[in-house]
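Chain A is the first sequence line, chain B the second, and so forth, proteins listed ahead of strands; every chain is numbered from 1.
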Amino acid sequence: MAKKAKTAISPTREEDYPEWYQQVIRAADLAEISPVRGCMVIKPWGWAIWENMQRELDRMFKETGHENAYFPLFIPMSYLEKEAEHVEGFAKECAVVTHHRLEPNADGDGLTPAGPLEEPLIVRPTSETIIGVMYAKWIQSYRDLPILINQWANVVRWEMRTRMFLRTAEFLWQEGHTAHATRQEALDETRLMLDVYARFAEEFMAMPVIKGEKTADERFPGAVQTLSIEAMMQDRKALQAGTSHFLGQNFSRAQDMTFQNQEGEEEFCWTTSWGVSTRLVGALIMTHSDDDGLVLPPRLAPKHVVILPICRSDEDRATVLPYCESLKQDLAKQTFAERPVEVMIDDRDLRGGEKNWYHIKRGVPLRVEVGPKDIAKNGVFVGRRDTGEKSPAGRDEFVTNIGRTLESIQENLFARALKLREDNTRPIGDLEEFKAFFTAKNTKKPEIHGGFASCHFVEDPAVLELLKKLKVTIRCVPLAADDESAPEGTCIFTGQPTRQRGIFAKAY
RNA sequence: CGGGGUGUAGCUCAGCUUGGCUAGAGCGCUACGUUCGGGACGUAGAGGUCGCAGGUUCAAAUCCUGUCACCCCGACCA
């Protein structure tokens, strides 16, 4: 007999956060590790979440003037060699294609690669180079600019250690690549897309983020400036959720991407690139889920409401099922976030409790039980995933209020996540306090500790060395704090005077 | 690529130190019955060339050698 567990997920977040994360994914049936090293299979429920993310992001990209296109998976090795810093950054983790066919082995058992390529191809770890080559062909005049293109694609980075959604060898993402006539225009674009990401994270994922600039050592290989959004997960570690890079003229120089300006002079383009990946699904999981499994913000949930018919007999079925069907119809006519409410009926022949837990673990925002007793009162019995509240409601009242209820769940999740971040963010002006903040009491099995520390600092090799020892990273220099009026302070590591303040945290 | 560990049923694992009959458990799965408004129970079943290749032995999941894969800790990272 199965012991009645207190929580649906074991271990709990407190007991073992990384293991909890894996178990949530499994319990919600989002994805599964595949037989292919470092690669995962995204299952229907996980894919549906990604599709919703894509839909909203794609809409936002288009609203800001971008178009979609598609570039090849393979990139000639020589392309990668053009931008020195870029190669340095990605060379260590490239999948390389060296042959174009297979032949039977001499002993007739198995296959062996044959037909070596004259020039090896790499599987794109990102597409700056191939896209740059194409842009160079497309751009002659300032009239050809700007080019504002996005692509939805898969990329491969041969990571040593992988974790589902957070870091896999192959992952899905979108990468925007733009080319502009002026530096300022490219800078504006970089910032615009960061704002799009931040808005998406906060409004759709209900995940508060800090917008900031990366320090030199955390910058995208080849970029002049890297902006990112950083979120705090429930174990108080930071997760970089999206990046927007100002590439200056580094890539356009390397790829000879030039245009003639209005004065007839030849100039290099100013380019940007920006991306978010399936990592966002991981961020979503770690931001909201609890010890009973996944919790989905309504704006990204594949289903908003699941109706659970309670039938004890065939006679019950005859009345309950039609009632559920009509409830579904009525709910589907309602809207939430300018879209129809998504409803499903789960009439599988399973026990009530089992079905209930199934949907709890998958994070469906609202569960509605409908049985003969409810029907007699023309009511429903509603369970809210975010708060765990369960209460009876009148059928019509429930239907009319559905949009508002979902909105309140969305807001509650955001507020809860924001509170977690605020409770665990603090300014630190003293090195000893800084060390204590980031040191677990239990050295063998570190408990959840630390958070975001906001500190004055200067960029210095000695600082990086110390941070490395503590396993702490500079997440970013928040954009809001980056102005002339920022208060003067002293670097907590070197004692030098500085206005620069950064967010420090352990990170994924 | 350094240090440690693990490969046995769909999943999680026991058995290995000290070789021995038909290789086990829990969960899951199938059938039937009793159940059914928060994770049911009973009975009966299906399911394994013990990662792979050699070796030692009358006999190998167990001992030895090799090999592959995966996991954890480092280095690296959206």
Side-chain angles (χ1 to χ4, degrees), chain A residues 1-10 16 18-19 22-23 26-27 32-38 88-94 109 125-126 153-163 165-175 197 214 217-221 223 226 228-231 238-245 273-283 292-293 308-313 316-317 320 348-361 367-376 379-383 388 390 392 444-446 468-469 471 473 507-508:
Chain A
M1 173 176 113
K3 251 194 267 171
K4 197 178 238 180
K6 258 180 124 178
T7 57
I9 303 297
S10 168
D16 186 344
E19 181 61 22
Q22 302 289 344
Q23 293 303 327
R26 183 205 279 246
E32 198 172 304
I33 51 169
S34 76
V36 185
R37 192 206 118 99
E88 175 73 23
F90 288 108
K92 295 181 292 260
E93 50 184 33
C94 280
D109 190 22
T126 179
N154 57 342
V155 288
V156 169
R157 297 181 189 175
W158 212 259
E159 300 288 352
M160 286 299 160
R161 292 188 56 193
T162 58
R163 294 189 68 188
F165 290 112
L166 298 176
R167 181 167 299 108
T168 46
E170 177 191 16
F171 59 95
L172 305 179
W173 76 348
Q174 58 67 217
E175 46 181 327
Y197 288 154
K214 290 286 185 185
D217 64 300
E218 296 265 343
R219 216 173 269 154
F220 176 74
T226 289
S228 77
I229 51 172
E230 301 283 331
L239 184 78
Q240 177 175 310
T243 48
S244 185
H245 313 289
S273 69
W274 28 274
V276 294
S277 70
T278 35
R279 175 176 249 209
L280 289 180
V281 178
D292 285 329
L308 304 164
I310 311 287
C311 310
R312 310 179 70 157
S313 63
D316 285 353
R317 286 182 75 83
V320 171
R348 288 176 302 166
D349 183 20
L350 289 174
R351 294 172 52 78
E354 197 175 340
K355 242 195 267 189
N356 221 331
W357 281 106
Y358 174 85
H359 295 286
I360 290 172
K361 288 185 283 196
R367 302 181 311 282
V368 179
E369 292 178 28
V370 177
K373 290 177 200 168
D374 306 293
I375 294 173
V380 292
F381 192 77
V382 183
K390 284 161 291 188
K444 272 199 159 161
K445 193 167 169 283
K468 201 166 184 177
K469 243 182 248 163
K471 293 188 182 178
T473 55
Y508 278 94

For nucleotides [N] and [M], find the distance between their [atom1] atoms and express it as a whole number of Å.
{"N": "A53(B)", "M": "C72(B)", "atom1": "C1'", "result": "27 Å"}
{"N": "U8(B)", "M": "G24(B)", "atom1": "C1'", "result": "10 Å"}
{"N": "G3(B)", "M": "A46(B)", "atom1": "P", "result": "47 Å"}
{"N": "C50(B)", "M": "A60(B)", "atom1": "P", "result": "11 Å"}
{"N": "A59(B)", "M": "C16(B)", "atom1": "C1'", "result": "16 Å"}
{"N": "A14(B)", "M": "A25(B)", "atom1": "C1'", "result": "7 Å"}
{"N": "C1(B)", "M": "A9(B)", "atom1": "C1'", "result": "36 Å"}
{"N": "G28(B)", "M": "C11(B)", "atom1": "C1'", "result": "7 Å"}

Looking across every strand, which nucleic acid part, if any, lies under 4.0 Å from [X] by heavy atom: base, sugar-phosphate, or nothing?
{"X": "Tyr358(A)", "answer": "nothing"}
{"X": "Leu166(A)", "answer": "base"}
{"X": "Gly352(A)", "answer": "nothing"}
{"X": "Thr168(A)", "answer": "base"}
{"X": "Glu159(A)", "answer": "base"}
{"X": "Ile360(A)", "answer": "base"}
{"X": "Phe220(A)", "answer": "nothing"}
{"X": "Ser277(A)", "answer": "base"}

Output all residues satisfying side chain to side chain contact (heavy atoms under 4.5 Å, CB included) with [X], sequence neighbours left out; order by chain, then residue number.
{"X": "Asp292(A)", "result": "Thr7(A), Ala8(A), Asp290(A), Trp357(A), Ile360(A), Arg385(A)"}
{"X": "Asp16(A)", "result": "Pro11(A), Pro18(A), Glu19(A)"}
{"X": "Thr278(A)", "result": "Ile42(A), Trp50(A), Phe165(A), Phe171(A), Leu172(A)"}
{"X": "Ala507(A)", "result": "Ala238(A), Thr473(A), Arg475(A)"}

Is the NZ or CZ atom of Arg367(A) both under 6.0 Å from the centre of the six-membered ring of Tyr358(A) and within 45° of that ring's axis? no
5'-most by nearest nucleotide on RNA chain B - Pro221(A) or Arg26(A):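 Checking each residue's closest nucleotide, the 5'-ward one belongs to Arg26(A).
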Hey, which of these two, Gly242(A) or Phe381(A), hits RNA chain B nearer its 5' end, going by closest nucleotide?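 Per heavy-atom nearest nucleotide, the more 5' residue is Phe381(A).
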Close side-chain approach of [X] and [Y], heavy atoms under 4.5 Å:
{"X": "Arg163(A)", "Y": "Gln22(A)", "result": "yes"}
{"X": "Leu308(A)", "Y": "Asn356(A)", "result": "yes"}
{"X": "Lys214(A)", "Y": "Gln240(A)", "result": "yes"}

Side chain to side chain donor-acceptor pair (under 3.5 Å) with [X]: which residues, sequence neighbours excluded?
{"X": "Ser277(A)", "answer": "none"}
{"X": "Trp173(A)", "answer": "Glu175(A)"}
{"X": "Glu159(A)", "answer": "none"}
{"X": "His245(A)", "answer": "Thr226(A), Thr243(A)"}

Just the rounded figure in Å: distance from [atom2] of [N] to [atom1] of [X].
{"X": "Leu350(A)", "N": "G37(B)", "atom1": "CG", "atom2": "P", "result": "13 Å"}
{"X": "Tyr197(A)", "N": "A78(B)", "atom1": "OH", "atom2": "P", "result": "14 Å"}
{"X": "Asn154(A)", "N": "A78(B)", "atom1": "CG", "atom2": "P", "result": "18 Å"}
{"X": "Asp292(A)", "N": "G39(B)", "atom1": "CG", "atom2": "P", "result": "13 Å"}
{"X": "Arg351(A)", "N": "U35(B)", "atom1": "CZ", "atom2": "P", "result": "12 Å"}
{"X": "Lys355(A)", "N": "C36(B)", "atom1": "NZ", "atom2": "P", "result": "15 Å"}
{"X": "Glu354(A)", "N": "C29(B)", "atom1": "CD", "atom2": "P", "result": "7 Å"}
{"X": "Glu369(A)", "N": "G37(B)", "atom1": "CD", "atom2": "P", "result": "9 Å"}

How would you summarise protein contacts on nucleotides 67-75 of chain B per nucleotide, using B for base, S for sugar-phosphate only and - for none, with heavy-atom distances below 4.0 Å? ---S--SSB
Tell me, please, which residues at least two apart from Lys355(A) pass salt bridge (charged side-chain N to carboxylate O under 4.0 Å, His left out).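 Result, salt bridge (charged side-chain N to carboxylate O under 4.0 Å, His left out) vs Lys355(A): none returned.
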Contiguous pairing runs of three or more, Watson-Crick or G-U under 3.5 Å, that involve RNA chain B: B:1-7 with B:68-74, B:10-13 with B:24-27, B:29-34 with B:40-45, B:51-55 with B:63-67
Let's go through Asp374(A) and Val380(A) carefully: what are the C-alpha distance in whole Å and the side-chain angles of both, what is the deciding distance for side-chain contact (heavy atoms from CB on, under 4.5 Å) to 0.1 Å, and is it a yes or a no? CA-CA 5 Å; Asp374(A) 306 293; Val380(A) 292; 5.6 Å; no
Regarding the side chain of Pro372(A), the nearest nucleotide among A40(B), G37(B), C76(B) is G37(B)
Polar pairs (N or O, both sides) under 3.5 Å between protein and nucleotides 4-9 of chain B?
none

Record whether the side chain of Asp374(A) comes under 3.5 Å of the base of G37(B) through a donor-acceptor pair of N or O atoms.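 Side chain to base: pair found, below 3.5 Å.
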